[in-house]
Number of protein chains: 2
Amino acid sequence: MSQQPAARAAVIKDVARLAGVSHQTVSRVLNDHPSVRDETRERVLRAVQQLNYRPNALARGLAGRRSRVIGVVSFDTILHGPAATLLGIERAARHAGYGISIVALERLDRSGVVEAVNRLAEQSVAGVVIIAPLLTAAAAAGSLPAGVPAVVVESDMAGDLPTISVDQVAGARLAVEHLLELGHETVWHLAGPKDWLEARDRVDGWRASLEAAGRRVPPVLAGDWSPRSGYEAGRELAERGDVTAVFCANDQQALGMLRALHERGVRVPEDVSVVGFDDIPEAAYLSPPLTTVRQDFDEVGRRCLAALLELLGVDRPLGVPRHPRVPPSLVVRASSGPPPAR
Amino acid sequence: MSQQPAARAAVIKDVARLAGVSHQTVSRVLNDHPSVRDETRERVLRAVQQLNYRPNALARGLAGRRSRVIGVVSFDTILHGPAATLLGIERAARHAGYGISIVALERLDRSGVVEAVNRLAEQSVAGVVIIAPLLTAAAAAGSLPAGVPAVVVESDMAGDLPTISVDQVAGARLAVEHLLELGHETVWHLAGPKDWLEARDRVDGWRASLEAAGRRVPPVLAGDWSPRSGYEAGRELAERGDVTAVFCANDQQALGMLRALHERGVRVPEDVSVVGFDDIPEAAYLSPPLTTVRQDFDEVGRRCLAALLELLGVDRPLGVPRHPRVPPSLVVRASSGPPPAR
DNA sequence: GCCCCGATTGTTATCGGTCACATTCATGGG
DNA sequence: CCCATGAATGTGACCGATAACAATCGGGGC
C-alpha cells in the first residue's frame, strides 16, 4: 500500500528523503547555493546519482520564472545561410546550457513574426532570437510584445533590439576589390530579392566599392536567390560583349550563371569572372570551382547568444566579441581571373 | 495599494475575475470541456480576448503531465536531407498545434543520442522524433529511457520504435530502371558513407534492380556525400572506357562527378549518364540539369507526427497514410540519356 | 410532491520545483 | 557568561495551470 513499483522518474522529494535532508537543501545543492556543508552536498549528490534524478524543467521554469530555453524564429531553413545560422545558434546555446525551441515561418510578415514570438513566449522561453533577413520582419521586430528579451540576426533596423549580422557590405567590398585588383574595368552585380536585407547590403557594398574606385556602375540585375534567376541573368549577360566580371549575391545564383555562360560558350574565368557569396559546400566543386565570400555562421550564433545572455543579465561567455558585425572572408578559387586581353 | 500598473501578462485568475466565474470554468472553456453553458463560454472568451490572455505552457505541462512540445534530435542539418526533414516535422507539428524543441548532435553515437533524449525529457516534451540516419544512432534508439514516446526517421532497425522513412530501395530502383530502360548495359553506383542507412539502402536497391534484370553488378564506389568524393570517383570513372551510366547516392556527389567528367572531356549524357538522389534546389541548374530522385520530406514529417500522435493516444490527423515508407519519385532532366552507339 | 440524475459550476489538492522567512546552532565580542 | 551574528537547514507559500471531487440547480419518473 505504501510501496510502489517505482515506475515514474524520481523527483526532488525522493532525493531529499534518500539523502535525509529537506527538499530545499536539495534545491540549494542543485543551484550551487554557497551555504551548504560539503558533507551534506556530497550526500545529496550521491542520492541524485543513485536515483538518476533530473530536475523537471517545467517546474523549474514555473517556479523560478526563468526557463533554460531560447526560442528561435526562423525562415526558409532550406537555404544555406538560414540553416547554418540556426545551427550556429543551437550550438552556442547548447554550450551555454540552454535548449532551443524553434518556430519556422512560412511567410515573413509582421503578424507572422509577432505570432511566432507569442507562441514562444507562451512557452516561457528565456529569450528569443529572430532570424529576420527580410525588411518586413525587421519592421515587425519593433512591435514585439514587451517583456520578451530578443535579439535579431541579419537585420539592421530592428528598433532598439540588439542586432547581430555578418558585415555584408564588407563582404561585397571583398568581392569587388578582388575583381578590380585582377584588372577588371568594372563589376556587374546580380542582386538577391529586394526585400532581403542581406541582398540590399550587398548591393550597397558593391556600389560603394565601385564608386570609391571611380568606376562606372552598371545597372543592377535582379535575382531571387534561385539558380534559375542566376541562369536567366547569365543568358542576358552572355548576349552582351562588354561584361568581364560578375559578382553574384549568392552561390546558387552564381551556379545558375555558370551554367548559362557555359551553355553559351562563354568561358569562366577566361572570358568572364564570377564571384559568389556564402561558400556553400558545393562551391568548391562547381565548374569551375567558385570564388566566393564565406560567412562565419558559428560566430554569428555565438555573438547572438552572448548578446541575449547579456540582456538576460547573465554573464557573457568569455572571448566573444561584443561587436555586432561579423567579418566575412574571401575564398579565392578558379572562377575569377584577369580580364581577357583586348 | 491594490491596483497595479498591470505590467505582467494576464493569468487564468484574471480572466476568471473579469468573466465572473471560477478559474476552473475558464480552464474548461480553454479545453473545450462539453459542460459549459454557451452564455458562460462566450463571456469567458470575451474576457480572454480583452486581456489578451495566453495560457502558460509551463504550468499547463506541469499540471496536465503533457506538454504541447515535441523534441527533435537532429544531425548535420547543413545537408539538404536532414534540413528538409526537420522543416517537414516542424511544419506538421505546427499544424497539429505543437511546438518543437531541437537538439543538434555533433556526433551521432549512442551516448549522444541518449543524452539528447534525456535533455529533451527533462523539458517534459510530449514525445521525440529522432532523425537517425546512422547505424550507430539507430542502435542507440533501442536503449532509450523508457516512458518517452519516440519515433525514428530514416532508420529501420530501431528496436520496436515506429520508424518512418523514404523508401530508399524503391528510389534506387527508379534510378536504375530508368537508366536500363534508356538502353544502358549496366549501371555503376557511387555510394554514400557506409554507416548511413540511406546509403546502405540505396546500394541494396541498386544491386537488387540490376540482379533482377540479370545484369552484371559493377563494384561499388565509395563516397562520403561530399562533392569532393563525387569528383574523385568521377576522375576514376573517366579513366575507364566502359562506363555509360552512374547512379550517385546523392546530388552533391553527382555534382562533383559532373565536374570531374567535364574536366576530362567526358560528355554528359552523350558519353555517360548521371543520376543523383535528393533533388536539391541546385539540381535543375547544373550542367547539365541533373536527373535525380526526389524525396517528399514534408510527407515524412507528416507521417512522423501522425505516428507520434498515435503513440501519445491522440487522434491521427486525417488523410495521413499509416505506411512507414514514403515513396520517392524520379525527376528526369538532361543528365541521363541513351548510351553511346558502338 | 419527492427523489434521483445529469448538467453546470465551484473548491481544494496537486504537479515539482524556487522563494521568503523561520529556526537552530556554534562562534566571538563586550 | 550573555547576546548579537552568521552559517546551515527546514517550513510553508507560491508559480499557473489541470484533476478530482463537492455543491447547486432544474427536470423527469413514480
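Below, chain A is the first sequence line, B the second, and so on; all start at residue 1.
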| Taking the side chain of A/S35 as its heavy atoms from C-beta onward, which of C/dG17, D/dT18, D/dA7 lies nearest to it? | D/dA7
| Side-chain N or O of A/R60 closer than 4.0 Å to phosphate OP1/OP2 of C/dG16 | no
| message | Can you tell me if B/R37 touches the phosphate of C/dA7, counting only side-chain N or O atoms and a distance under 4.0 Å to OP1 or OP2? | response | no
| Which value, rounded to the nearest 0.5 Å, describes the distance between B/L79 atom CG and B/D76 atom CG? | 4.0 Å
| query | Quick one: A/R68 CZ to C/dT18 P, roughly how many Å, whole number? | reply | 12 Å
| remark: Here the distance between atom P of D/dG10 and atom CZ of A/R17, to the nearest Å, is 14 Å
| task | Grab the CG-P distance between A/L58 and C/dG17 for me, whole Å please. | result | 10 Å
| DNA chain D: 5'-proximal contact among B/Q24 and B/A59 (nearest heavy atom) | B/A59
| Can B/R302 and B/E299 be counted as an ion pair, charged N to O under 4.0 angstrom? | yes
| request: Ignoring the backbone of B/N56, work out which of D/dG16, D/dT11, C/dG16 is nearest its side chain. | output: D/dG16
| field | Salt-bridge contact B/R46-B/E39 (side-chain N to carboxylate O under 4.0 Å) | value | no
| message | How many whole angstroms separate atom CG of A/L62 from atom P of C/dT18? | response | 11 Å
| request: Consider the side chain of A/R28, meaning its heavy atoms from C-beta on, and name the nucleotide among D/dT18, D/dA17, D/dT9 that approaches it most closely. | output: D/dT9
| said: Expressed as a whole number of angstroms, how long is the span from B/L30:CG to D/dA19:P? | reply: 12 Å
| message | Strictly below 4.0 Å: does B/S27 bring a side-chain N or O up to OP1 or OP2 of D/dA17? | response | no
| request: Select base, sugar-phosphate, or nothing to describe what A/T25 touches, counting heavy atoms under 4.0 Å on all strands. | output: sugar-phosphate
| field | Pairwise 5' ranking along DNA chain C for B/E39 and A/H23, keeping only the more 5' one | value | B/E39
| query | What's the NE2-P distance between B/H33 and D/dA17, to the nearest Å? | reply | 19 Å
| Side-chain N,O (B/S22) to OP1/OP2 (C/dG10) below 4.0 Å | yes
| field | Plane angle bin for A/W196 and A/F75 - parallel if under 30°, tilted between 30 and 60°, otherwise perpendicular | value | tilted
| request: May I have the distance from A/Q123 (atom CD) to D/dC15 (atom P), rounded to whole angstrom? | output: 22 Å
| field | Which nucleotide in C/dT18, D/dG10, C/dG16 has an atom nearest any side-chain atom of A/V21 | value | D/dG10
| note | Taken to the nearest whole Å, CD1/A/I12 to P/C/dC15 is 14 Å
| query | Does B/E310 come within less than 4.0 Å of B/R303, counting only side-chain N to carboxylate O? | reply | no
